[in-house]
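To keep things clear, I will list the structure first and then write my remarks on it.
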Amino acid sequence: MKSRSTNRSGIVMRRKVTPAGDIIVTLLTPQGKIKAVARGGVRGQQASRLNLFHHVGVQLYQTPQADLATVQQSILEGALPRLSEPERHPYAHLLSELADALFQEGEFSEQAFDLYAGSLRGVSRHPDPEWVALVMSYKLLALAGFAPRTRHCARCGAADPSHPDPLGGQLLCGACSNQPPHPPERLEFLREVPRRSVRALMDAPLMAEQRPAVWRSLERFVTVQIGSVQSWRSLVGGDVVGA
Amino acid sequence: MKSRSTNRSGIVMRRKVTPAGDIIVTLLTPQGKIKAVARGGVRGQQASRLNLFHHVGVQLYQTPQADLATVQQSILEGALPRLSEPERHPYAHLLSELADALFQEGEFSEQAFDLYAGSLRGVSRHPDPEWVALVMSYKLLALAGFAPRTRHCARCGAADPSHPDPLGGQLLCGACSNQPPHPPERLEFLREVPRRSVRALMDAPLMAEQRPAVWRSLERFVTVQIGSVQSWRSLVGGDVVGA
Amino acid sequence: MKYPSSLVALIRELSRLPGIGPKSAQRLAFYLFEQPREDIERLAGSLLDAKRELHTCPVCFNITDAELCDVCADPTRMQNLICVVEEPGDVIAIEKSGEYTGLYHVLHGVLSPMNGVGPDKLQLRPLLPRLQSGIEVILATGTTVEGEATAMYVQRLIEPLGVMVSRIAYGLPVGGALEYADEVTLGRALSGRQRVSK
Amino acid sequence: MKYPSSLVALIRELSRLPGIGPKSAQRLAFYLFEQPREDIERLAGSLLDAKRELHTCPVCFNITDAELCDVCADPTRMQNLICVVEEPGDVIAIEKSGEYTGLYHVLHGVLSPMNGVGPDKLQLRPLLPRLQSGIEVILATGTTVEGEATAMYVQRLIEPLGVMVSRIAYGLPVGGALEYADEVTLGRALSGRQRVSK
Amino acid sequence: MKYPSSLVALIRELSRLPGIGPKSAQRLAFYLFEQPREDIERLAGSLLDAKRELHTCPVCFNITDAELCDVCADPTRMQNLICVVEEPGDVIAIEKSGEYTGLYHVLHGVLSPMNGVGPDKLQLRPLLPRLQSGIEVILATGTTVEGEATAMYVQRLIEPLGVMVSRIAYGLPVGGALEYADEVTLGRALSGRQRVSK
Amino acid sequence: MKYPSSLVALIRELSRLPGIGPKSAQRLAFYLFEQPREDIERLAGSLLDAKRELHTCPVCFNITDAELCDVCADPTRMQNLICVVEEPGDVIAIEKSGEYTGLYHVLHGVLSPMNGVGPDKLQLRPLLPRLQSGIEVILATGTTVEGEATAMYVQRLIEPLGVMVSRIAYGLPVGGALEYADEVTLGRALSGRQRVSK
Ligand SMILES: [Zn+2]
Ligand SMILES: [Zn+2]
Ligand SMILES: [Zn+2]
Ligand SMILES: [Zn+2]
Ligand SMILES: [Zn+2]
Ligand SMILES: [Zn+2]
């Protein structure tokens, strides 16, 4: 018997309430991204469970006629209340917006789910949420196949570039760039981030003053490769990015 | 455990589709009248089951926040397709409209349900649907406590009245009425209808030419006691009633 | 606190629309308040324009802004096929299916005695002069009890005029599994089965 | 707190059932805990009884607890009409419609190469000996892509045997409004229209 | 067609379960028919096991399969905090919140004179010997009229014993929008506001 | 068939409204077509009137048609209590609860970086000059993640100004059973419990 009900477990990446009181959520699950609606949900207990960044188990009902699956039931599997704190909130948004842009519906990926879930946990718990966000943004990009070119100049192809790429967020050789080279630690991070383990990267954070330039690279890279991302504007300090 | 889901079995007395595609139905069940909504029902298989005059089993879900219960599932328990025939359709409407006006939500009455269900079956199958409708309308009224006064003049109280009551649909004595008395068979019907069994009444139908005056009495009585009923206008011939 | 009267008026007007409850009306009003003036003016204008310019076609009672509706004015449509539907929206639905090339007749309702709708409330009388022998009338009212009752009523009314009358098929919607079909539909789908072997 | 393992096991078993969400499974388990022992034993017994006593009819592959199923064993059913369906549940649905008085043949599935279901996985072979001239086979598989493919496959398979083959009707489900029907169904409902006038 | 009696029995038993509608019961029965025998036996077994092994904890009346429930048997739980709830399911819900480390007391119901539930039908008496000064009792019955009445009853009963009594907070549920909260809850959420500044 | 352009325009405008899909917009357009001219003119008029007459109060950013909003203009409201809310609709909801007699401040949004809403998009700056010692600010944004983040942001912003800051209570809605409460709310309701014994 083919059932039209399926159970899924995932994290709420986006949440929108319609004037009719329906909650529309985008979930990232190990079985891919799912968009679903909880009809009238804003008036019931679904409102609590289907909260942004919550890890929930949902029963979905799909009919051929409807374009959106309906959330029939939900249970909470995990919540990260500290993501509301001002120094964490914008990073959780950025990672969610990136994950939403990078992973498509119908694309099974336990890795993507685990990475996104881990990145939210890190932002929620780690004393240095900015560093978690920076590392995990690059990791999400790499998993989706968007790793910046760092072995060769992004413009001319020369080996071992070390200068910033102010337009594309990759690396340029001295001849192609009109900016001073990255300092050694920053350069090492930018070169190694796709290959190194999350653990190793977390253990060797960049100094605070090194980070704005990395954020700028990330912002340029994402903007060129993926498109516009709203969350940049709200990153702490506001002007560290895209200045 | 208090469950918010209940199973009910009843007949669809009214049905309305909202622009959003929800089906709102009024059911008469042995546990009373129920109003419920099938969200998005018009696009699914509920549309077929929750059809006017269908006998359906439904699973209802009630939350304290919502004013209307939601129909979650339905199965068809009985259909009377002949009720669409032009000589039956208006009578099914009349009986449904009467039943809707007479029975209230929360009022348990297996009798009401059985009588209404029986009247629809009769209108659907009987070769003389008009007579079924006439008899069953009076029976529904009597069950709800609205039996016309026929032992005493409705105006002065004199015994054994036999003249029509053009305003109130009951019986008047010769002194109070300016109309000729009812012929004997019609008078007997009007006097005995609340007491006699449905079977007995069905076995002794009035001649066709006797019926318009009975319809007129019924229409006056219902209008005064219950209020305005839309279905009169469509009764066969159109002008037999309330002329 | 007293609410501003123009806000109250707007909420009241919006909640008159079908399917818009009091809560939705309030949210809609606040939403509209946040929109730029031009957007509101365009919405209000489209309401007034639609009301001023639209009327029913004098032949088929479809909605039009011209003398005749687009279908009636098109000589390439099959003139011997009239599809009788409940509402103007049904014309749009059928046109979208791309399968129909005949004419229409819009009744503007279905028989529903308990809602006070008898034959006189429908655009039935103007259908009669359109009928002549050689014409096929397709009864495409809905498959609800009222749609069915209306189809039967129209059939009895026009059959004596010598036209051919047909009814849209009942059956399983395309893409449907039997277990999701209801019993009544299933019965109709079986009795209306069509021979496929030679 | 660790939940008692038999409670955990019960919740896990219940949540495996189709249509039972995680919340329902938990509520169901607590509900069952509060019920008298006899009720639980009756439920468990009905599960085991059903599994033990039910099997498929050797002729039509419907569910039965007897040698032949109730339909095959009934000599008053029309013996020259065989309705081919996907699942045993479809037999119940059709029987409920009250419109059908012939026999059945249950395929126990539909062709679905993607899910590894080829003709050999269906109860197709046992259909052939049941066919002889004078018999009508009604293909009542669903109108999904797979149901459609299965119907066509069966048609090609049995047509050479000289039987008459028909397909359930496509069209508007009962209770349907035109404007909510999809365009394909609407097109089919119009092209499959049936003459109602004499 | 008559359905096999063991199928009918199974459908009837399934449809008695709360939250399972008539259609689900039928689909569930057919689904179970198609499953391997071991799966059915495991499901039936888990029902019987759960009924046989589970009972209420003699101290707190939570569900357990051991002598004492897992909470009562855990010496690291705060022994001076007792949370009074209506049903065993509430214990699970609170444990899932991860915010509570004290003990429980399950009443197995709420006062509901209309349904014949008086104080004697609840597990109230066994609560009293558990109370001693220094203990805080949290009344965590629902905020329905009956839950409220039960909380007040328990409060009056135990206050003279010198324990501290508290009531779970009323307010906006997490994830709530003000405009969808009912007025009473909103009033409570405002009057019960908590200072967050130093 | 080409649809009349004023009909197309109306459907397009209606489908721009939040929560109105293309199908609803079409049904709404046909519904409006059937209404009397006066009703349409009244609806269009109420839209234009509302847009022309309504604006935000320069003090609290509530909606008003006067110089100051009704609350700000009322000297009997408690002047040392400011309730910070997300939207004008929240003012209406709180006023309906009848429990609040202070002033408001409407932010017109919540922080939501992924939707491009940072602090600069909210009416935050005009709140600061309203604050002086002795004032209590109640943070009554929603209890969603964004509402909570906004409340925390405002708290950090205004705490240094020496005002007292409080947050509406989280907890069980009135009339709620625990089993329908979610775990997060339950945890909050327990940790925010209030003493009821003397
Ligand atoms: Zn270069
Ligand atoms: Zn008199
Ligand atoms: Zn026309
Ligand atoms: Zn058989
Ligand atoms: Zn215990
Ligand atoms: Zn103001």
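What you see is a predicted model, and the numbers here were worked out from it, not measured in a lab. Values below: all heavy atoms of this structure, side chains included; hydrogens, waters and symmetry mates excluded. Within every chain, numbering begins at 1; the chains are lettered A, B, ... in the order of the sequence lines, protein sequences first and strands thereafter.
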(message) If the contact rule is any heavy atom under 4.5 Å from chain E, which residues of residues 95-126 of chain F qualify, in numerical order?
(response) F/Lys96, F/Ser97, F/Glu99, F/Tyr100

(message) Distance check, rounded to the nearest 0.5 Å: F/Ile94 atom CD1 versus E/Leu190 atom CG?
(response) 5.0 Å

(request) Residue by residue, scan residues 49-80 of chain E and write down, ordered by number, those that have a heavy-atom distance under 4.5 Å to chain F; if none do, write 'none'. (result) none

(message) With a 4.5 Å cut-off on side-chain heavy atoms, are F/Pro173 and E/Leu172 touching?
(response) no

(request) Find the one option among E/Ile92, E/Val174, E/Asp182, E/Thr185 whose heavy-atom pairs under 4.5 Å with chain F are most numerous. (result) E/Val174

(request) With a 4.5 Å heavy-atom cut-off (strictly below), which parts of residues 39-46 of chain E touch chain F? List them by number. (result) none

(request) With a 4.5 Å cut-off on heavy-atom pairs, point out which of E/Gly192, E/Gly187, E/Gly176, E/Cys83 contacts chain F the most. (result) E/Gly176

(message) Can you tell me which of F/Ala189, F/Ala93, F/Ser191 forms the most heavy-atom pairs within a distance under 4.5 Å of chain E?
(response) F/Ala189

(message) Does anything in residues 131-169 of chain E reach chain F? List residues with heavy atoms under 4.5 Å apart, or say none.
(response) E/Glu136, E/Ile138, E/Ala140, E/Thr141, E/Gly142, E/Thr143, E/Thr144, E/Gln155, E/Glu159, E/Val163, E/Met164, E/Val165, E/Ser166, E/Arg167, E/Ile168, E/Ala169

